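Nothing here was measured: the structure is a model prediction, and the numbers come from that model. A, B, ... follow the sequence lines: proteins, then strands. Residue 1 opens every chain.
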Amino acid sequence: MNHLPSKTKLFGSLHKPISKKRAAEQNCLSLLQLCNSLPKFLQLQSHIFKLGLQNNPLVLTKFTSISSDLNAITYASSFIFSPYVEPHFFDVFLFNTIIRSYAVTSDLKHNALCLYGKMLSYGIWPNKFTYPFVLKACAGIGELKLGHIVHGSVVKLGFHDDSHVLNTMVHMYCSCGGGIEYGRKMFDEMPKWNSVGWSAMIGGYVRWGLSSEAVELFREMQVARVAPDEVTMVCLLSACTDLGALELGKWLEAYIKRENVPKSAVLWNALIDMFAKCGDVDKALSLFRSMSQRNIVSWTSVIDGMAMHGRGAEAVSLFEEMKKDGVVPDDVSFIGLLTACSHSGLVEQGKGYFYSMTKEFGISPKIEHYGCMVDLLCRAGLVQEALDFVQRMPIKPNPVIWRTLITACRAHGELKLGEKITKELIKHEPTHDSNYVLLSNIYAKMFSWEKKTMIREVMVKKGMRKVPGSTMIELYNEIYEFVAGDKSHSEYKIIFQMVDDIGKEISRAGYIASTSEVLLDIDEEDKEGALNRHSEKLAIAFALMKTPPGTPIRIVKNLRVCEDCHSATKFISKTYKREILVRDRNRFHRFIDGICSCKDFW
DNA sequence: TTAGGGTTAG
């Protein structure tokens, strides 16, 4: 029978002089504590050998755990699995540590799973600490099959009643394509210990654009009387951002204040982004100004907000201020900055910044940055220069870039060129519906109705459909969604009547329908009818019906706003004396008294 | 000595 050592013995051991080996180990551990890059690791490696500690599990574990340097992690694990280290020194803690390093490092998630496999092959059993890391790695990879396999192991080893494991499992399923249903099933069946599981599920909905479901689940969370925390708030703010639900966002802000939810940088950033993308960019700016610890995400969010609102000059000056503040721009912040230049027609400045990326900051432009440049040139009408730029690009242009060019060709009358590029694109990407829509729109502009019909037939034959345009509007704490020609609303007849009345009213003020945007080859009057059922017109009509005169109207469109709706909204803002704020897929349009903030440049 | 959910772009 084992006996615990007596108190005297314990005290005795405390007073024993520390052994030489132990002292060397302690020394090595404290040196490792200061180690945060590969060169330092390499220095220490020889030290480890000199002291004969290359097989010491404590030292090995520390060796892998303290650096976030990608090279160091790779190096450390290759050292551990080299012939210098005897495998019988490996233990579960060591594996957990390496798996953790890989699981939290983007691009190395697969290595985490390889290590998990290796661990099993060494006959070392995972413990309850292993699975959150492994599941995190699965979430990062996003393959549902893999998730199911790991889920099986969790059950087999009996860790399926552990709160950390189950919460991460919900997160894992919600991160895998096609896994959200499994995530919800798991969430419904497990005990709800605290806000973590709720946040994982709410966050999962937001990740897949199911923001209404996220808000709905939050209401259930309130009924279940589980207090949301900072992370829940961040997820919900993200949902508001997606839905353009400013009122709900304001409610969350008030809740955060009232309940003293700790305001971390992440939460502040989510608030800034929400206000900017829900239309109140000035509020976003004032929040940003009152922040004490701004990071690159805060700056990027506010710069991007300015860009979306067409306030390019302010975005540029914020970028300069950021640099002065000592915050080094990253590739994401350059996307915001270049978008700002593009949407405000700052061509020369945009070019300068693009070249400064490599020269000043050593950032190699990615395909998105090249995309911004093509957009910048195209919006300014410099179609030929854009084409030259694309042909000289050091990386292969992607279809997004070609589509930007095609849209520009159509907008600036280069129809033949547009047709040529689109045909080429369709050869390479024959299943992408928007290529056919672009070609069809070019034919509409050319009045080539026969060719247009042909394209439509090809689309029908291939089973393609144009992504339906939809518009959301938040009124009196409810979110309404309209799609083109929507008859699902209980008051659709009155709404349609209202749209027709508006059409007559604005026609008297000089509005002429721009019918070339209509996809279908139908006669002029019907084309006007089809345009009149566009989702944004339905939403605006609904808002005019439901809100008192003078109330500003805010709507969110899922696609780029069409030329005709843009023109009609200008007339509506003047005729009905309403400020109308439209967020489309790319930016904001603020219509006041017949003028849009985008200066017809979008 | 080891654990869970979160912010910018695309």
### Query
When only distance counts, do a donor and an acceptor, one from the side chain of D162(A) and one from the base of dG4(B), lie under 3.5 Å apart?
no
### Query
Looking at dG5(B), does its base get a donor-acceptor pair with the side chain of S199(A) below 3.5 Å?
yes
Checking contacts here: which listed nucleotide ([options]) is nearest the side-chain heavy atoms of [X]?
| X | options | value |
| --- | --- | --- |
| R207(A) | dA9(B), dG6(B), dG4(B) | dG6(B) |
| L58(A) | dA9(B), dT1(B), dA3(B) | dT1(B) |
| K136(A) | dT7(B), dA9(B), dG5(B) | dG5(B) |
| S301(A) | dT8(B), dG6(B), dG4(B) | dT8(B) |
| F129(A) | dT8(B), dT7(B), dA3(B) | dA3(B) |
| V231(A) | dA9(B), dG6(B), dG4(B) | dG6(B) |
| C235(A) | dA3(B), dG6(B), dT8(B) | dG6(B) |
| S163(A) | dG4(B), dG5(B), dG6(B) | dG4(B) |

Just how far, in rounded Å, is [atom2] of [N] from [atom1] of [X]?
| X | N | atom1 | atom2 | answer |
| --- | --- | --- | --- | --- |
| M308(A) | dT8(B) | CE | P | 12 Å |
| L157(A) | dA3(B) | CG | P | 20 Å |
| L287(A) | dT7(B) | CG | P | 18 Å |
| W198(A) | dG6(B) | CH2 | P | 17 Å |
| M201(A) | dG6(B) | CE | P | 12 Å |
| N586(A) | dA9(B) | CG | C1' | 13 Å |
| K263(A) | dG6(B) | NZ | P | 22 Å |
| I296(A) | dT7(B) | CD1 | P | 17 Å |

Can you classify the ring geometry of [X] versus [Y] as parallel (below 30°), tilted (30 to 60°) or perpendicular (above 60°)?
| X | Y | result |
| --- | --- | --- |
| Y173(A) | H151(A) | perpendicular |
| F389(A) | Y370(A) | tilted |
| Y131(A) | F159(A) | tilted |
| F95(A) | F81(A) | tilted |

### Query
Are side-chain N/O atoms of N558(A) and R585(A) paired as donor and acceptor at under 3.5 Å?
no
Classify [X] by what it touches in the nucleic acid, base, sugar-phosphate, or nothing, heavy-atom distance under 4.0 Å.
| X | result |
| --- | --- |
| T241(A) | nothing |
| N96(A) | base |
| K366(A) | nothing |
| T168(A) | sugar-phosphate |
| F334(A) | nothing |
| S264(A) | base |
| T339(A) | nothing |
| N127(A) | base |
| N295(A) | nothing |
| D331(A) | nothing |

### Query
Is the distance between the ring centroids of F319(A) and Y353(A) under 6.0 Å?
yes
### Task
Compute the ring centroids of W268(A) and F288(A), then answer whether they are less than 6.0 Å apart.
no
### Query
Between H164(A) and dT2(B), is there a side-chain N or O to OP1/OP2 distance below 4.0 Å?
no
